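All remarks here apply to the structure that follows.
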There are 2 protein chains.
Amino acid sequence: MATGHTDPQRRERIIAATLDLIADEGVAGVSHRKIAARAGVPLGSMTYHFRGIDDLLREAFRRFTDDIVALFDAHLAPPTDRGQARTAVADLIHALLGGSRRDLVLTQELYTLAARRPAYRALTQEWMTRSRVHLERHFDPVTARQLDALIEGLTLHRALAQESQDHAFTLEAVTRITTTGRRAP
Amino acid sequence: MATGHTDPQRRERIIAATLDLIADEGVAGVSHRKIAARAGVPLGSMTYHFRGIDDLLREAFRRFTDDIVALFDAHLAPPTDRGQARTAVADLIHALLGGSRRDLVLTQELYTLAARRPAYRALTQEWMTRSRVHLERHFDPVTARQLDALIEGLTLHRALAQESQDHAFTLEAVTRITTTGRRAP
DNA sequence: AGCAAGAATGTACGTTCGTACGCTCTCGAG
DNA sequence: CTCGAGAGCGTACGAACGTACATTCTTGCT
């Protein structure tokens, strides 16, 4: 139609549609045409708004990581002591697992890209750094790194084995990893 | 050429080539033609030996998980006490990270498929079960689950952040997660 | 030697893909 | 009212894809 109208929402809609499509069919299933159909925009818009598929994927995943970091922030800002922080981390893990498989799927897709391509690895590194900043508000740097890894592993295993793991199990693991040496408060 | 000769190595070569290709270009980059070229077999062999691409991917990943489980076995069979077992686990983690990025990449690719498709999820579940059997030779079931998750997370984070983490750091994390309650020998 | 069986292959078809590019349409300045 | 400028779009092209299937070749039996 060529409205001639500058439409700033167009770009956003395309990015949102891209994430939805990745969640449904994976990065492998992404194509300009499918995204366009899902976003309700013409095919020509794809190359107009984005330099290419890769450009689009990077923007989409940046959006996604921003959302997850916001989740870390929301959970880890409130607690004021170590005990609360541990509970908050356990809550966070269950929040990540909670709703749909969507977040898990998107995370995996991103990691897969990152494992092979440095451009995406930069994204995951920044993500990890930002998450860790939140954890370091409550734990020392070494513990934060270990805890971060544990969160990753628990989330992943829980999602791949559908044996449900309850909150107590998670909290126990978090407590162990954040308990240093022979003693702990 | 149609040698008419039954060649049992043919199938193996195709599977090996598939894993190599996935490691290099990802599941998204897999095609009958590329695999055939890499394995040095004609395109027609693809549909002859495998029902389709999906069939081939499943067989390839089964081969891969078998190899990793063997690695678990090799590391976790020898130790006889808890301390040795902890060291063995730390060694195992560094072995997983050790050589190339290949194993990490393949693992991610598999998880990505598993996150969305039950047929592949069955594969990861079986894999987890078999790994855990090895861990449970040295640790109680709950600890084994937590440790398994930790191994996953440490491996992944180490690979995505290229900040190197040394053996001492890994052993410390393993020790924490395998130390229950307030005290431990 | 001749031949049936079936292992292995080459090729061709219909689809889908990313992207380039010439075109249309709207808007604000004059 | 006129008319650039540039935002936005439809289409077409070449390449790559998965798969089916007719065909070729070897082998073991008679």
Side-chain angles (χ1 to χ4, degrees), chain A residues 1-62 109-110 112-113 116-117 119-120, chain B residues 1-62 109-110 112-113 116-117 119-120:
Chain A
M1 237 187 290
T3 63
H5 223 61
T6 300
D7 180 3
Q9 306 219 352
R10 178 68 40 113
R11 222 164 174 284
E12 300 303 310
R13 280 229 312 287
I14 292 176
I15 290 178
T18 302
L19 284 175
D20 283 350
L21 183 60
I22 294 172
D24 282 356
E25 306 192 25
V27 168
V30 165
S31 79
H32 275 154
R33 284 168 176 81
K34 288 186 197 165
I35 295 169
R38 209 175 259 251
V41 304
L43 176 59
S45 281
M46 292 297 123
T47 44
Y48 179 73
H49 288 288
F50 301 90
R51 208 172 320 161
I53 284 237
D54 233 63
D55 205 41
L56 177 52
L57 286 181
R58 266 197 306 278
E59 291 239 31
F61 278 119
R62 169 159 296 280
E109 295 282 351
L110 175 55
T112 298
L113 286 175
R116 198 172 14 251
R117 307 198 26 201
Y120 293 91
Chain B
M1 236 185 292
T3 63
H5 222 61
T6 301
D7 179 3
Q9 305 221 350
R10 179 69 40 113
R11 223 162 173 283
E12 300 303 310
R13 279 229 314 287
I14 292 176
I15 290 179
T18 303
L19 284 175
D20 282 350
L21 182 61
I22 294 172
D24 281 357
E25 306 191 25
V27 169
V30 166
S31 80
H32 275 155
R33 284 168 175 81
K34 288 187 198 165
I35 294 169
R38 211 175 256 251
V41 303
L43 177 58
S45 282
M46 292 298 123
T47 45
Y48 179 72
H49 287 287
F50 301 91
R51 207 172 321 161
I53 282 237
D54 233 62
D55 205 41
L56 176 51
L57 286 180
R58 266 196 308 276
E59 290 239 32
F61 277 120
R62 169 160 296 280
E109 295 283 350
L110 174 56
T112 298
L113 286 175
R116 198 174 12 253
R117 307 196 29 200
Y120 293 91

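Nothing here was measured: the structure is a model prediction, and the numbers come from that model. Chain letters run A, B, ... following the sequence lines, proteins first and then strands; every chain starts at 1.
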Check whether any side-chain N or O of A:S31 sits under 4.0 Å from OP1 or OP2 of C:dC17, and answer yes or no.
-> yes
B:I14 has an atom CD1; how far is it from atom C1' of C:dA8, in whole Å?
-> 11 Å
Can a side chain N or O of B:Y48 be found less than 4.0 Å away from OP1 or OP2 on C:dA7?
-> yes
Of the listed D:dG8, D:dT19, C:dA7, the closest approach to the B:L43 side chain comes from D:dT19
So, do B:R116 and A:D24 sit near enough that their side-chain heavy atoms are less than 4.5 Å apart?
-> no
In whole angstroms, how far is the P atom of C:dG18 from the CZ atom of A:F50?
-> 14 Å
Kindly say whether A:A17 contributes a backbone atom to a donor-acceptor pair with the side chain of A:R38 at under 3.5 angstrom?
-> no
Measure from CZ on B:R10 to P on C:dA8 and round the result to the nearest Å.
-> 7 Å
Are any side-chain N or O atoms of A:K34 and backbone N or O atoms of A:G29, one a donor and one an acceptor, separated by less than 3.5 Å?
-> yes
Within residues 32-41 of chain A, residues whose heavy atoms come under 4.0 Å of DNA chain C = A:H32, A:R33, A:K34
Can you check whether A:I22 reaches A:L57 side chain to side chain, under 4.5 Å on heavy atoms?
-> yes
Are A:S45 and D:dG8 close enough that a side-chain N or O sits under 4.0 Å from OP1 or OP2?
-> no
Measure the shortest side-chain to side-chain distance between B:V30 and B:E25 over non-hydrogen atoms and say whether it is less than 4.5 angstrom.
-> no
Spacing between B:L56 atom CG and D:dT19 atom P, to the nearest angstrom | 10 Å
Starting at atom NE2 of A:H49, determine the distance to atom C1' of D:dG6, rounded to an integer number of angstrom.
-> 13 Å
Can you see which heavy atom on B:G52 is nearest to which on B:H32, and at what distance?
-> C-NE2, 4.2 Å
For atom CE of B:M46 and atom C1' of C:dT11, their distance in whole Å = 16 Å
A:F61 and side chain to side chain contact (heavy atoms under 4.5 Å, CB included): which partner among A:I15, A:T18, A:V27?
-> A:V27
Give one of base, sugar-phosphate or nothing for B:I53, where a contact means two heavy atoms less than 4.0 Å apart.
-> sugar-phosphate
May I ask you to evaluate whether B:R51 reaches the phosphate of D:dG18, defined as a side-chain N or O under 4.0 Å from OP1 or OP2?
-> no
